[in-house]
Amino acid sequence: GAVVSQHPSRVICKSGTSVKIECRSLDFQATTMFWYRQFPKQSLMLMATSNEGSKATYEQGVEKDKFLINHASLTLSTLTVTSAHPEDSSFYICSAMYTNTGELFFGEGSRLTVL
Amino acid sequence: QQQVKQSPQSLIVQKGGISIINCAYENTAFDYFPWYQQFPGKGPALLIAIRPDVSEKKEGRFTISFNKSAKQFSLHIMDSQPGDSATYFCAAVKKSSGDKLTFGTGTRLAVRP
């Protein structure tokens, strides 16, 4: 199946710093990518929908100034957690939609720990 | 938010047994029902999916049963193995309009040797 790469897989940062997570579709072009957040033993919570060349659409309750999303190319979307705080610590997962079939392929996830 | 209800929350099965996970949905506009498998610390991976015009789909040891009138679908894992121990999520989407996935709450499966 198609491959979606997320980087970094783990990141530890100090409170107040910003962290960027990359999501790449390695062997296909993805017009649409999605960003999720997952707390331990819980389901995936959709944060935002990222469309190439346009502004991301954020879900209700997600601060767009806090979680900056950029989808600059058909193979790359980035999530930047700005001025991170301990409550932002979580597992962040991206998915990319294979345009031809609408199939969704998920990245391996990025574990963010804010000290 | 549109819901997909999933049960049980956790499941313990002996090796060789059958694991059954159930999901129910409300929105009759959903037209694609995937199941995802997630191992700890990893992203979800598509396991098997079904469309509402089919009542059953089988891939290896994994089978989806779909009951359109009851708005329910289930995952059956035959001959369950310890390597199947993971969290399973059902999901639903109106794929024809490119809508986002609605996930179930997840089932943590443990297969005992």
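We name chains A, B, ... by the order of the sequence lines, and we start the count at 1 in each one.
Here Y36(A) contributes atom OH and L101(B) contributes atom CG; the two are 5.0 Å apart, rounded to the nearest 0.5 Å.
Across all non-hydrogen atoms, the minimal contact from S43(A) to G104(B) is OG-O, 2.7 Å. The shortest heavy-atom contact between F91(A) and K42(B) is CE2-O, 3.6 Å.
Contacts of Q6(B) with chain A are absent, with no heavy-atom separation under 4.5 Å from either backbone or side chain. For a residue to count as touching a neighbouring chain, one of its non-hydrogen atoms must lie under 4.5 Å from one of that chain's; by this rule Q60(A) does not touch chain B. Neither the backbone nor the side chain of F39(B) comes within contact range of chain A, judged by heavy atoms closer than 4.5 Å.
Under the 4.5 Å side-chain heavy-atom criterion for ILVMFWY residues, no single connected hydrophobic cluster contains both W35(A) and F105(A). The same ILVMFWY cluster, assembled from side-chain heavy atoms under 4.5 Å apart, contains both M78(B) and I20(B). If you chain together hydrophobic residues whose side chains sit under 4.5 Å apart, L75(B) and F30(B) fall into the same group. By the rule that hydrophobic residues join a cluster once side-chain heavy atoms approach within less than 4.5 Å of another member, Y92(A) and Y58(A) end up as members of one cluster. Hydrophobic cluster membership differs between M33(A) and M45(A), with clusters built from Ile, Leu, Val, Met, Phe, Trp and Tyr side chains linked at under 4.5 angstrom.
Results of the side chain to side chain contact (heavy atoms under 4.5 Å, CB included) test with K100(B) over L104(A), L46(A), T57(A) single out L46(A) as the only residue that passes.
No more than 12 heavy-atom neighbours from other residues, nucleotides or ligands sit within 6.0 angstrom of OH on Y98(A).
Annotation: residues 44-70 of chain B contacts chain A through P44(B), L46(B) [non-hydrogen atoms, separation under 4.5 Å]. Among the residues in residues 64-87 of chain A, none has a non-hydrogen atom closer than 4.5 angstrom to a non-hydrogen atom of chain B.
Heavy-atom pairs under 4.5 Å with chain B peak, among L44(A), I93(A), V4(A), at L44(A).
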**Prompt:** How far apart are the C-alpha atoms of Q42(A) and F103(B), what are their side-chain angles, what is the distance that settles it, and do they pass the side-chain contact (heavy atoms from CB on, under 4.5 Å) test?
**Reply:** CA-CA 11 Å; Q42(A) 292 191 23; F103(B) 280 94; over 6 Å; no
